[in-house]
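Worksheet: one structure, shown below.
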There are 2 protein chains.
Amino acid sequence: MSAIKLRNVALSHFARYGYEGASLSKIAEEVGIKKPTIYSHYKSKEDLFLSVVKYVFHLEKRQIFLYFQKEDKSDLKSKLEGFFDWFEAEFNLSDTTKFLLRMSYFPPPALRNEMFQLSTAFIDGMERLLYKMMKQHQIQGELNGINMKDAALAYLTLVDGVIVELLFAGTNRYKKRADVAFPIYWRGIHSINKEYLL
Amino acid sequence: MSAIKLRNVALSHFARYGYEGASLSKIAEEVGIKKPTIYSHYKSKEDLFLSVVKYVFHLEKRQIFLYFQKEDKSDLKSKLEGFFDWFEAEFNLSDTTKFLLRMSYFPPPALRNEMFQLSTAFIDGMERLLYKMMKQHQIQGELNGINMKDAALAYLTLVDGVIVELLFAGTNRYKKRADVAFPIYWRGIHSINKEYLL
DNA sequence: GTCTATAGTTGGATAGAC
DNA sequence: GTCTATCCAACTATAGAC
C-alpha cells in the first residue's frame, strides 16, 4: 500500500524532469517497488500524472488560503509583503509549487486543454481571494480610493514576476526582487495623485 | 544544406515539447530529411540543443536592444509601456522567446549549470541596458529623485509577471495584466511622497 | 498487490554505400 | 551531405504466477 508514497515521488519527478522526462522505472525504484506495480494503482502514466495534478491544485489552493486567513499579521501590507517569505519556505520544502508552475506553463501536449482549464480556474480563484481580502481592508479604511480589482491583479503580476526568479536564479535574487518591487507596487496603488497619471 | 532549417525546426520542437519531449525523428521529418542526416550537422542531441540555445540568446538580446534603441518613441514611458505590445507580436511570430523561457526555467538536468550561467548573464544584461537607458532619461529630468537600479529591477519583475501570463493564459489576459500593472508600477516609481513609504 | 518475464515501440546514435 | 540498414538502450504497458 505505497499509493501515497508513489504519488509523492511521482510529483517530485514530474516537477524536476517534466512529464516526458520522468521515467516510471526510476519512480518505481525510488518508491521501492517494481515498475509493473504502478499499474495496479494507476492505469497509465497519464492517469498517474492527472492524479498528481488534481492533488497538487487542491493542496496549493488550500495552503495559500490558509496563509491569508491567518490572524497573526492582521494588516494587509504585512500579509502581502510576508507572502514572499512564506512562499520561499514552501517552495524549498516541497516540489508541489515547482510542479504546479512547470505543468501550468508547459503542460504535456496531450493534456494541454485540461491543464489550461485547471490553471485558469486556479488563477481566477486567487484573484477572487485577493479581491475579497482587500475589499475587507478597504472597508476598514486602509485602502481608500483604490481600484481593488486592479490592485489584486497587479499584485498577482508582481508575485509571478518574483516567483519566476526563484525558479532559475535562486533565493538571493528572488529576495532582492521582492524587496525592491513590493514597495514600488505598494506606493503605486496608493499614489492617487493625478500628477503621476501621465 | 538544410542546416538553418534544421536549427529552426529544432528550436520550435524544443520550445513546444521540451528537451526530452522533442524527438530527432520528428524534427528530421519536418525538415524533410532522414534522422541520421542530423548527425552530419551535429554530433548529438545535446550539441544540436546547445547550438540552438546560443543562437536564441544572441537573437533575443539583439532584438530587445534594437527595440529600446529605436527613436520613434523617444520618451521613456512610451518605450516601457510599448514593450508589451512589441513583445506579444514577437512572441506570436516565432518560438524563440518560448524556447528561451522554457529552457531557462526548466533546463535539461544535464545542462543545468550552463543554462543557469547563460540566463543569468542575459538577465544581468537586460538590467544594465534598462539602467543605462533610464539614467539617460534621468539626466533629461524625466525621472527626478528615483533610484534607477530599483526601478529597473522592478520593471523586469513586472515584465516577467506579465509574460508568464502570456505563456499559459493567452493574449487577452496578458494584455489585461500589462494595462493594469504598468500604471501602478509607473506611479510607484514616481511617488516619492514619504506618506506612502510606510 | 506485488512480482518475473516480456511484448512492442521509440529513443539516440553508428557504419558504410553513394 | 544524404541515404539505408542496423544497433542497443530505454520507454510504456501487459500477461500471468503467487
Side-chain angles (χ1 to χ4, degrees), chain A residues 1-56 95 99 102-103 106-115, chain B residues 1-56 95 99 102-103 106-115:
Chain A
M1 247 271 276
S2 27
I4 291 170
K5 188 170 182 188
L6 174 55
R7 192 189 54 192
N8 287 335
V9 172
L11 159 58
S12 149
H13 280 238
F14 283 135
R16 279 184 282 168
Y17 309 116
Y19 180 78
E20 292 85 2
S23 146
L24 294 183
S25 317
K26 282 165 191 159
I27 291 171
E29 192 184 2
E30 192 173 323
V31 175
I33 58 176
K34 298 297 174 182
K35 188 170 50 166
T37 307
I38 294 177
Y39 288 86
S40 68
H41 297 280
Y42 303 94
K43 73 174 207 282
S44 66
K45 191 184 186 180
E46 273 196 11
D47 187 31
L48 170 60
F49 174 76
L50 286 173
S51 162
V52 174
V53 165
K54 282 167 194 164
Y55 166 69
V56 167
D95 292 313
F99 173 89
R102 180 166 199 162
M103 294 312 157
F106 308 109
L111 305 170
R112 205 178 165 261
N113 289 337
E114 279 119 302
M115 289 302 300
Chain B
M1 246 272 274
S2 27
I4 292 170
K5 188 171 182 189
L6 174 54
R7 192 190 53 192
N8 287 334
V9 172
L11 159 58
S12 147
H13 279 237
F14 283 134
R16 279 184 282 167
Y17 309 116
Y19 180 78
E20 292 85 2
S23 145
L24 294 183
S25 318
K26 282 165 191 160
I27 291 172
E29 193 184 2
E30 191 173 323
V31 175
I33 58 176
K34 298 296 174 184
K35 187 168 56 164
T37 307
I38 294 178
Y39 289 86
S40 67
H41 297 280
Y42 303 94
K43 72 175 207 284
S44 66
K45 191 184 185 180
E46 273 197 11
D47 187 32
L48 170 61
F49 174 76
L50 286 174
S51 161
V52 175
V53 165
K54 282 167 194 163
Y55 166 69
V56 167
D95 292 313
F99 174 89
R102 180 167 199 161
M103 294 312 156
F106 308 108
L111 305 170
R112 204 177 166 260
N113 288 337
E114 279 119 302
M115 288 303 299

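Worth saying up front: this structure is predicted, and the values here are computed from it rather than measured. Residue numbers start from 1 in every chain, and the chains themselves are labelled A, B, ... in the order their sequence lines are given, proteins ahead of strands.
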Test side-chain contact (heavy atoms from CB on, under 4.5 Å) on B/Tyr17 and B/Lys26 and set out the steps. CA-CA 11 Å; B/Tyr17 309 116; B/Lys26 282 165 191 160; over 6 Å; no
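- Note that CG of B/Asn8 is 11.5 Å distant from CD1 of B/Ile27, once rounded to the nearest 0.5 Å.
- Classified by interplanar angle (parallel below 30°, tilted 30° to 60°, perpendicular above 60°), the ring pair B/Phe99/B/Phe14 is tilted.
- Going from atom CG of A/Leu24 over to atom P of C/dT6 covers 21 Å, rounded to whole Å.
- Heavy-atom distances to DNA chain D give each of A/Lys26 and B/Ser40 a nearest nucleotide, and the one nearer the 5′ end belongs to B/Ser40.
- Taking atom NE2 of A/His41 as the reference point, atom P of D/dT14 lies 16 Å away to the nearest angstrom.
- In this entry the distance linking OH of A/Tyr17 with P of D/dC11 reads 12 Å, nearest Å.
- Rounding to the nearest 0.5 angstrom, the gap separating the NE2 atom in B/His41 from the CG atom in B/Asp47 is 12.0 Å.
- At whole-Å resolution of the value, NZ in B/Lys43 and C1' in D/dG1 are 19 Å apart.
- Atom NZ of B/Lys5 is separated from atom C1' of D/dG1 by 16 Å (rounded to the nearest Å).
- Of the residues in residues 44-54 of chain A, A/Ser44, A/Lys45 come within less than 4.0 Å of DNA chain D through at least one heavy atom, sorted by number.
- Taking CZ from B/Phe106 and CD from B/Glu20, the interatomic distance works out to 12.0 Å, rounded to the nearest 0.5 Å.
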Let me have the donor-acceptor pairs involving side chains of residues 28-40 of chain B, under 3.5 Å, with sequence neighbours excluded, atom names and distances please.
from    : atom 1 : to      : atom 2 : distance (Å)
B/Glu30 : OE1    : B/His13 : NE2    : 2.7
B/Thr37 : OG1    : B/Lys34 : O      : 3.2
B/Ser40 : OG     : B/Thr37 : O      : 2.6

Which protein N or O atoms sit under 3.5 Å from an N or O of nucleotides 3-5 of chain D?
from  : atom 1 : to      : atom 2 : distance (Å)
D/dC3 : OP2    : B/Lys34 : N      : 2.8
D/dC3 : OP2    : B/Thr37 : OG1    : 2.8

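- Rounded to a whole Å, the OH atom of A/Tyr42 is 17 Å from the P atom of D/dT14.
- Atoms CG (B/Leu6) and C1' (D/dG1) sit 12 Å apart, rounded to a whole Å.
- A close approach under 4.0 Å does not occur between any side-chain nitrogen or oxygen of A/Ser2 and OP1 or OP2 of C/dG1.
- Summarising the geometry of B/Ala15 relative to B/Asp95, their closest heavy-atom pair is CB-O, 3.8 Å, with the distance given to 0.1 Å.
- Using a 4.0 Å heavy-atom criterion, one finds that A/Ala28 contacts no nucleic acid atom at all.
- The interatomic distance linking B/Glu20 (CD) with D/dA10 (C1') rounds to 14 Å, in whole Å.
- Among the nucleotides C/dA13, C/dG11, D/dC11, the one closest to the side chain of B/Ser23 is C/dG11.
- Panel note: side chain A/Arg102, backbone A/Arg16; a donor-acceptor pair is recorded below 3.5 Å.
- Figure legend: A/Lys45 and A/Tyr19 shown as a cation-pi pair, the cationic atom lying under 6.0 angstrom from the six-membered ring centre and within 45 degrees of its axis.
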